[in-house]
Amino acid sequence: MIRTISSAPIAGQKPGTSGLRKKTSAFMEPGYLENFIQSIWNGIGGVQGKCLVVGGDGRYFNTKAVQIILKMAAASGASKVIVGQGGLLSTPAASHLIRLKKADGGIILSASHNPGGLDGDFGVKFNTSNGGPAPEAVTEAIYQASLGLSEYLILEAADLDLSNVGLTRLADMTVEVVDPVNDYADLMEKLFDFEAIRTLFSNGFTLAFDAMHAVTGPYAHEILVRRLGADETSVLNATPLPDFGGGHPDPNPVWAHELMTKMMQPDAPDFGAASDGDGDRNMILGRQVYVTPSDSLAVIAANAHLAPGYVKGLAGVARSMPTSSALDRVAEARGLECHATPTGWKFFGNLLDAGRATLCGEESAGTGSDHIREKDGLWAVLMWLNILAKRQISVAEVMRNHWQEFGRNYYSRHDYEELDATAAQELIDELRQRLDQMAGQELGALTISAAEDFSYKDPIDGSITTGQGIQIHFIEGARLVLRLSGTGTSGATLRVYMERFNSGPSGLESDPQEALAEVITACEKLTSLRQRFGRERPDVIT
Ligand code: G1P
Ligand code: ZN
């Protein structure tokens, strides 16, 4: 029986950088999830007769939320929902399924790398029929729908058993439970030279992949161990847990310190990698080497042709504005079109759809290509394995050669977390007001050449997005970016991104924080942020 439940708008159901993210406890409040799901249906013109993909990263409340969404889809007349077995789907696998099954869209349940559990975070993201995160116009329509919501529809029915693959029904709606891993693994097998990677492993190459107790465990096991022959023990923390084992499933040197420590030993495995809660982020390591996400993106751009899926070369490349311009160096040398977009994967969608970019990436450990419309953690790992298998050199040598050829963009991001939201916004507003007077200003050893509040005009649909971060260029070949996070759930997080180019051939092996010391000083002189917020140092340095 379909029930119409009267409701009222709930404040703050505004999707951010990547869907709606809130405390799990907020999402579990009566009607909270239901209101947002109904707002999605209303915002996209209903789901009558439509086919949707649904799945999540397995965090606390995932199973319950999937059942609610199924009942709400059935109540609003959806014809079919394709759901991952047990309600699980990594974000890249969900994106792939939407495309493969020609679905009208999908709902991904995840708060990405944010901790899970009752005290952690939960999130809901709507992806469109191209498999990618809904663009701004769609998320805005969903938000507007949430503001005018007066009721939601839900089927009164028992929960479905999602533990077995196969077809079942919920009232008039078909529910297809699919293996979450297989189709995705098949896609990877088409893109990369599995034969070469298998040979690499059979010749004794060693790997440590940290799934961080999140969704990629089963994917990594199937692909790396079963299909490619890596040793069983290569996949660490492989069992997905609702609270990620109490950890913070973010693959960076701070949160993946266990793997980091292992890889910094002289007898470490040849290659190390990790992925996040929902499997779209990655961290790349070699024996005693950490590869920054920005460098990884540049290396992939320079070497992608070694993988069968990319032998024809790249149509173009794109990075988010705060990401280092290491990618631009490769693009320039190879004559590739190169785009800088606002932060968030949704801004790559149009470029990928239009064939203007094959490869995209963000400094926040996201890399991907036009094979799907999300960033893809395991894809990046396989791309690196493919490069290493073909080039037969170590990760350290790949990096050394890359910097010799293209120069090195020293890069780091400093995060100040849980700041007072008003005070953080005031800092950005103040900087905005001073932008016009900044050119020529000396900040210690550096002089500002240009300053702007980044805005982006989408070259495909002409849409304009403003206020995307304060970007300051220095004549010495350095850059400073300040922006507020759009994915946090409490207070404000200020992200400070710093970059400085060294063309080599000497000075290519310095410590990044030392190489960036003058940019760090310039930032402090410009903003006095440490004093202003009473912080001695950033909370997270990546
Ligand atoms: C962060 C990252 C951004 C990424 C997003 C979703 O957003 O900075 O690159 O696309 O998470 O994974 P932010 O919190 O900075 O808005
Ligand atoms: Zn993620």
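One-based numbering, in listed order, for ligands and for the atoms of each.
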Ligand-residue contact atoms, ligand 1 with [X], heavy atoms, under 4.0 Å:
| X | answer |
| --- | --- |
| G344 | 10 (O) |
| R495 | 8 (O), 13 (P), 14 (O), 15 (O) |
| R483 | 13 (P), 15 (O), 16 (O) |
| T343 | 3 (C), 8 (O), 9 (O) |

### Residue that, paired with N350, satisfies side-chain hydrogen bond (donor to acceptor under 3.5 Å, both in side chains) out of D458, N130, T341
D458
Parallel, tilted or perpendicular: which one describes the rings of [X] and [Y], with boundaries at 30° and 60°?
| X | Y | answer |
| --- | --- | --- |
| Y32 | F27 | perpendicular |
| F348 | W345 | perpendicular |
| W255 | H248 | parallel |

### Within-4.5 Å side-chain heavy-atom neighbours: D250 and R281
yes
### Query
Mind checking whether L236 and L259 have side chains closer than 4.5 Å, heavy atoms only?
yes
### Query
Is there a donor-acceptor pair closer than 3.5 Å between any side-chain N or O of N303 and the backbone N or O of V299?
yes
### Task
Test the R532-Y416 pair against the cation-pi criterion, namely NZ or CZ under 6.0 angstrom from the six-membered ring centroid and within 45° of the ring axis.
no
### Query
Considering only protein heavy atoms, which is closest to atom 10 (O) of ligand 1, and at what distance to one decimal place?
E362 OE1, 2.6 Å
### Which residue and heavy atom of the protein sit nearest atom 7 (O) of ligand 1, plus the separation
T487 CG2, 3.5 Å
[X]-ligand 1 polar pair, N/O distance under 3.5 Å:
| X | result |
| --- | --- |
| S364 | yes |
| K375 | yes |
| G486 | yes |
| H113 | no |

### Query
Which option, K346, R21, K125, R281, owns the non-hydrogen atom nearest atom 1 (C) of ligand 1?
R281
#### Entry: N, O or S atoms of the protein lying under 2.8 Å from the Zn ion (ligand 2)
S112 OG, D276 OD2, D278 OD1, D280 OD1
Electrostatic pair [X]-[Y], nearest N-O below 4.0 angstrom:
| X | Y | result |
| --- | --- | --- |
| R530 | E536 | no |
| D243 | R59 | no |
| D121 | R21 | no |

### Message
Heavy-atom pairs closer than 4.0 Å: do any link ligand 1 to the side chain of S485, the backbone, both, or neither?
### Response
both
### Message
Under the criterion side-chain contact (heavy atoms from CB on, under 4.5 Å), I'd like the reasoning laid out for N237 against E258: C-alpha separation, chi angles, the key distance, then a yes or no.
### Response
CA-CA 11 Å; N237 302 319; E258 191 188 326; 3.9 Å; yes
